[in-house]
Structure formats: C-alpha cells, structure tokens
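To find a chain, count down the sequence lines: A is the first, B the second, and so on, and within it residues start at 1.
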Amino acid sequence: MFISIFGSIEAGIFYAIMALGVYLSFRVLDFPDLTVDGSFVTGAAIAAMLIVSGYNPLIATVIAILAGFLAGCITGLLHTKGKINPLLSGILMMIALYSINLRIMGRSNIPLLSQETIMTKISQLSERIGFDQVMSSLFTSLGFTHLPRTFGIVIFAAVVTLLIKFLADYLLKTEVGLALRATGDNKKMIRSFSANTDNLTIFGLGISNAFVALSGALIAQYGGFADIGMGIGMIIIGLASVIIGEALFGTKTIAITTLAVIGGAIIYRIVVTLALRVEFLETGDLKLITAVIVITALVAPKIIDNFKEKQRRKRKRTEQMKVAG
Amino acid sequence: MLTLKDVSITFNEGTLDEKKALQRTNLMLNSGDFLTVIGSNGAGKSTLMNITSGSLLPDVGNVYIENKDVTFIPEYKRSHYIGRVFQDPMAGTAPNMTIEENLAIAYSRNKRRTLRFGVNKKRKQMFKEYLETLHLGLENRLTAKVGLLSGGERQALSLLMATFTEPNILLLDEHTAALDPSRAEMITNLTGDIVKKYELTTIMVTHNMQQALDLGNRLIMMDKGQIILDVAGKEKNQLTIEKLLNEFQRIRGTDMVNDRALLG
C-alpha cells in the first residue's frame with residue numbers, strides 16, 4: 001500500500017508539470033488546447049530516441065522541451081493566422097503529431113530499461129551520498145516494512161516541478177506575462193493597449209506545450225519506456241488536475257493556483273491508484289475512472305454551492321418568520 | 001495631429017445589405033482639439049472611431065497621425081498613439097486581474113513589454129497617486145480583482161488607464177451610455193478634467209446632446225456616413241440643444257424629401 005501510494009506521488013509530481021502546462025493554456029489563455037495528447041508523447045519520444053542513440057539524457061530532455069514549444073507554437077499559428085477554431089487547431093496538431101511521433105520513434109514502443117537516464121543517475125547519486133539509507137532507516141523506525149527502491153527521485157521530481165512552478169509564477173507577473181493573461185481575459189482590451197494578441201497566444205501555447213513535453217520526457221525516463229499511446233487522454237488528466245486542485249486549494253493568487261494544480265495532479269494519481277485497487281476494476285478502466293473523476297470535480301462544487309445557497313435562504317426565511325412572530 | 005483624408009468604407013458591398021458607412025469623409029484635428037461627435041444610429045460615428053483606431057481598414061482614403069500615414073498599421077501597433085474607452089464598462093479592463101495589474105498593462109501601452117515585473121513598489125506608488133485623482137477610494141483596493149468593481153468604477157478606471165500615459169489621441173466611444181445618470185455625470189466631469197489636465201486630442205462619440213455641448217471645443221454631426229455639421233470655438237459655445245435639434249430636424253427634413261423622391 002505504502003509503495004503504491006509513494007509511487008503515485010512520485011508519478012503525480014512529474015505529471016504536475018504537464019498539468020501546469022494545461023493550466024497555462026486552459027486557464028490563463030482560455031484556450032482548450034488538445035495538442036497536449038500529442039506533445040506529451042513527442043517529449044517522451046524525442047527523449048527516448050536520443051537516449052537510445054547515446055545522447056546525454058539531460059540534453060535529450062532539453063531537446064524534448066524545445067520540440068514541445070515548437071508544437072505549441074504551430075497550434076497557435078493554426079489558430080491565430082489560419083483562423084481555425086481553438087479546439088480544432090489542437091485536434092489537428094494532435095493527430096499530426098501522432099504520425100510525427102511514430103516517425104521519431106521508428107516503432108510504437110522504445111524501452112529504456114537498460115539505458116542511462118536522468119532517473120538512473122539520480123537514484124545512483126541518492127544512494128552514493130547516503131540519502132536513501134537515511135530515509136530508509138527513518139521510515140523503518142516509523143514502522144514501514146516495504147520501502148521504495150530510492151527516495152532520490154521523489155526529491156528530484158519535487159525540485160524540478162517547483163522550479164517550473166516558480167518559473168510560471170514569475171513569467172505571469174512580468175509585463176509580457178500580464179499581457180498574456182489579459183489575452184485570455186479580455187482580447188479587445190489588451191489590443192487597445194498595444195499588445196499583439198496573436199504573438200502572445202502563439203508564445204503562450206509554446207510555453208504550455210514545452211512544459212507538457214518536459215513532463216513526457218521525464219515520465220518516459222521514470223517509467224522506463226516511450227509508447228505511442230502514452231498521451232491518450234492526457235488533456236483530460238491535465239484538466240482533472242487543474243480542476244481538482246483549484247476546487248481543493250483555491251485560486252486566490254497565481255502562486256496559490258499553480259501550487260493547487262500540482263496538488264491536484266498528485267491527488268488525481270492517488271485517487272486513480274486507490275480506485276484500481278478496488279476488486280472489480282481493471283487497468284483498462286483507467287480512462288473511465290478519469291472521466292468519472294473529472295465529471296465529479298466539475299459537477300460536485302456546483303451541487304454543493306446550490307445546497308449551501310438553499311440552506312442559507314431557508315435559514316433567512318425562518319429567521320424572518322421568527323421576527324414576524 | 002489626426003487627419004482622415006477622403007476615407008470611404010462600404011460594408012457588405014454588392015449585396016442587399018450594402019451599407020456605405022463612410023463616404024469620402026474628411027476630418028482634421030489640431031493638437032489639443034476636443035471633438036464631440038453626434039448623429040443617429042448608423043450615421044457612421046462608430047465607423048469613424050474604428051477607422052481611426054485601426055480596428056477597421058478603409059476601402060479608400062488615408063489616416064494620418066502626427067503627419068505619419070498609419071492607414072495600414074494594425075490596431076495593436078496604432079494603439080501606441082491611441083487611448084480608447086469603450087461603451088461597455090466591461091470592455092476596457094481585464095476582470096480576472098487586479099486593479100494594479102490592469103494599470104500595469106495600461107502603463108506598457110507605449111513601451112516595449114519586457115520580462116521585468118509589471119507591478120513593483122515604485123509603480124504601486126505611482127498607480128496609487130493616479131487612482132487618488134478619481135476620488136473613488138480605488139487607491140486602497142490595488143489588489144482587488146477588477147471584476148468586483150461596479151460599472152461606474154470600472155469605467156472610471158478604464159478612463160484613467162486610457163489616459164494616464166498621455167496618448168496622442170483619445171477615443172471615447174459613448175463611454176457614458178451604459179451608466180446610470182449620476183455615474184454618467186461623474187464620468188463626464190472626470191473626462192473634462194482629464195482631457196484638460198493632459199491637453200489630450202480627443203474624439204468623443206455620444207448620444208447625449210447636452211454632453212456634446214458641455215464638453216469639447218468642436219462638434220460634428222454625422223448622417224449617412226457624412227459629416228453634415230461642423231462647428232467649433234465661439235460658434236460651438238453658443239450652441240444649445242434647441243439649435244442642434246432644429247439643425248437635426250432641418251437635415252432630417254431634407255432626408256425625408258429625398259426618401260420620398262426615391263419612392264416616387
């Protein structure tokens with residue numbers, strides 16, 4: 001149990017980078033960008049391909065990020081210059097990327113198990129400096145018997161994801177970032193303050209998909225393979241993370257919202273892990289579970305609000321009745 | 001300062017809905033001029049504004065700002081020179097962003113946007129001082145989301161945002177029309193003060209004749225895509241609503257005759 005929860009937290013933190021990308025497109029730019037399903041795989045495919053070809057896994061990951069940025073920019077171009085509706089631009093890019101990803105990989109699955117990746121480097125480092133031993137003895141003394149292989153990866157995941165979070169927080173507060181947010185909030189207004197909304201949309205989608213590709217590249221190295229189907233439903237997972245996070249942790253400021261999105265991504269993973277432990281559910285039910293989680297996250301807050309509002313009105317009415325005697 | 005030269009634009013050309021929104025319109029504004037524009041619906045007032053701002057491009061004719069031909073310069077680039085306030089109080093501000101963030105966006109209108117923070121201590125102080133001039137207490141709500149403000153407050157903020165960077169031209173498109181009478185009066189007074197303070201070259205479209213008379217040093221009346229009356233200076237000061245109505249009636253009268261002639 002502890003191992004599988006631990007694993008879902010680990011994976012959740014890596015997926016959180018993808019969720020931050022979805023937050024940028026979906027919330028900040030108000031652009032439902034389906035490119036994500038493709039660009040996630042592009043990140044994984046490029047990283048896996050370059051690692052297998054003997055490149056440094058760090059360089060492979062950086063190139064994956066650049067490829068994601070490019071993919072996002074093309075979706076932005078389709079929408080702004082080609083005047084194609086946002087959903088359709090994303091879908092077109094998504095299916096185009098499916099073929100491109102196959103071309104990059106040359107086959108539908110690349111295993112990385114015997115390769116040197118960022119994850120193997122990190123776990124070696126974590127063992128060498130004695131971090132794993134310290135953590136293991138700590139958890140053993142707390143009474144846990146089954147322990148994960150390494151504690152280095154979860155720390156690495158947290159550091160990378162927080163770096164991306166702070167980068168996003170910073171970016172959204174700069175002059176360019178304010179214009180980017182206004183592009184999603186009120187296009188007419190920001191145009192009258194001399195901002196090129198086309199370029200901002202293209203740039204924003206680029207950054208968003210760069211995050212998504214980074215997440216894909218890290219997940220491939222974490223999971224030990226890149227697969228052509230690993231991006232299916234990724235946009236929904238991203239959305240689920242954003243919605244769950246926002247509902248649970250609030251959206252008071254940008255910094256809180258981005259942290260909420262990370263929290264949402266981790267909670268989503270945990271919920272899925274727990275759901276899959278239920279007797280009658282199988283791995284194949286994953287997408288159905290995801291859909292149910294998203295629907296619940298979307299509908300539940302409204303039902304709760306409605307209920308609270310009804311209670312409030314009821315209370316007011318009884319109060320008034322009492323006053324009237 | 002601003003010149004429109006022989007500007008024409010036709011919508012839906014060649015169809016039954018064809019509409020000549022502007023017909024060989026000429027307009028020249030001097031620096032510091034405050035022009036008010038009146039006319040019935042469909043007279044071409046908004047088209048005049050949109051051609052000036054660049055959200056519409058004319059079929060023929062040219063637009064010059066500071067003797068520079070800007071006819072084909074896109075809207076977002078042209079807004080380096082132009083401040084705008086729209087009729088809809090929701091249109092001029094970003095509702096999900098804070099007051100200080102909105103002001104920071106406006107502050108970047110005539111500058112290059114960089115990767116420096118949009119809101120910093122120095123700017124906060126500056127924004128506060130500007131907000132104080134509105135006398136709405138907004139200076140104490142810098143971090144409130146603009147969507148929480150009332151229509152009047154939002155329009156006052158829009159006006160401030162459009163003007164405090166002192167644009168070469170200020171366009172006001174019926175910017176008080178969606179407000180209740182007392183808020184409208186507040187914005188009207190504010191407009192007069194701000195335009196005077198920064199000596200802005202201004203075009204204001206309005207349906208309110210009293211407002212058109214009270215504000216500005218020049219007035220034009222438009223009808224069917226043409227400027228049919230143009231008064232300035234002393235002559236404008238002596239105008240009354242009655243005189244304007246008579247003028248309106250006189251011109252309308254001729255229109256009626258024309259219509260009848262067409263039907264006949």
Report summary line: In terms of heavy-atom pairs under 4.5 Å with chain B, the winner among Leu171(A), Ile190(A), Val176(A) is Val176(A)
Report summary line: Okay, Thr251(A) and chain B: the region with an atom under 4.5 Å from a heavy atom over there is backbone
Query - Atom CG of Asn85(A) with >12 non-hydrogen neighbours under 6.0 angstrom - result: yes
Query - Minimum-distance pair of heavy atoms, taken over all atoms of Ser194(A) and Arg113(B) - result: O-NH1, 3.2 Å
**Report entry** Proximal component of Lys145(B), with respect to chain A [non-hydrogen, under 4.5 Å]
**Finding:** side chain
Requested in this report: Please round to the nearest 0.5 Å and tell me the distance separating atom CG of Asp88(B) and atom CE of Met189(A).
Outcome: 13.0 Å
Report task. Taking Asn186(A) for its side chain and Pro95(B) for its backbone only, find out whether a donor-acceptor pair lies under 3.5 Å. Result -> no
**Report entry** Atom of Leu115(B), atom of Thr174(A) and distance for their closest heavy-atom approach
**Finding:** O-CG2, 3.3 Å
Report task. Answer with side chain, backbone, both or neither: which region of Phe86(B) has an atom nearer than 4.5 Å to a non-hydrogen atom of chain A? Result -> side chain
Query - Rounded distance [0.5 Å steps], CZ in Arg84(B) versus NZ in Lys188(A) - result: 7.0 Å
Query raised in the report: Would you find a donor on one side and an acceptor on the other, under 3.5 Å apart, between the side chain of Asn96(B) and the backbone of Asp185(A)?
Result: no
Query raised in the report: For Ile254(A), is it the side chain, the backbone, both, or neither that has a heavy atom closer than 4.5 Å to a heavy atom of chain B?
Result: neither
Query raised in the report: Crowded around Lys81(A) NZ? As in, over 12 foreign heavy atoms under 6.0 Å?
Result: yes
**Report entry** More than 12 heavy atoms from other groups under 6.0 Å of CD on Glu199(B)
**Finding:** no
Requested in this report: Considering non-hydrogen atoms only, spot the tightest contact between Gly118(B) and Leu178(A) and give its length.
Outcome: CA-CD1, 3.7 Å
Report summary line: Heavy-atom nearest pair, Ser192(A) first then Ser79(B), reads O-CB, 3.4 Å
Report task. May I ask you to check whether Tyr76(B) and Phe193(A) place their ring centres under 6.0 Å from each other? Result -> no
Query raised in the report: Can a salt bridge be assigned to the pair Glu101(B) and Arg181(A) using a cut-off of 4.0 Å between side-chain N and carboxylate O?
Result: yes
Report task. Could you list which of residues 159-169 of chain B have a heavy atom closer than 4.5 Å to any heavy atom of chain A, in residue-number order? Result -> Met161(B), Ala162(B)
Query raised in the report: Quick one: of Arg78(B), Glu75(B), Lys77(B), who has the most non-hydrogen atom pairs under 4.5 Å with chain A?
Result: Glu75(B)
**Report entry** Heavy-atom closest contact (Arg112(B) atom, Glu175(A) atom, distance)
**Finding:** O-OE1, 3.8 Å
Report task. Tell me, for Thr93(B) versus chain A, whether the close heavy atoms (under 4.5 Å) come from the side chain, the backbone, both or neither. Result -> backbone
**Report entry** Among the listed options Ala91(B), Ser158(B), Ser108(B), Gly54(B), the residue most often paired with chain A at heavy-atom distances under 4.5 Å
**Finding:** Ala91(B)
Query - Region of Ile105(B) that comes under 4.5 Å of a non-hydrogen atom in chain A - result: both
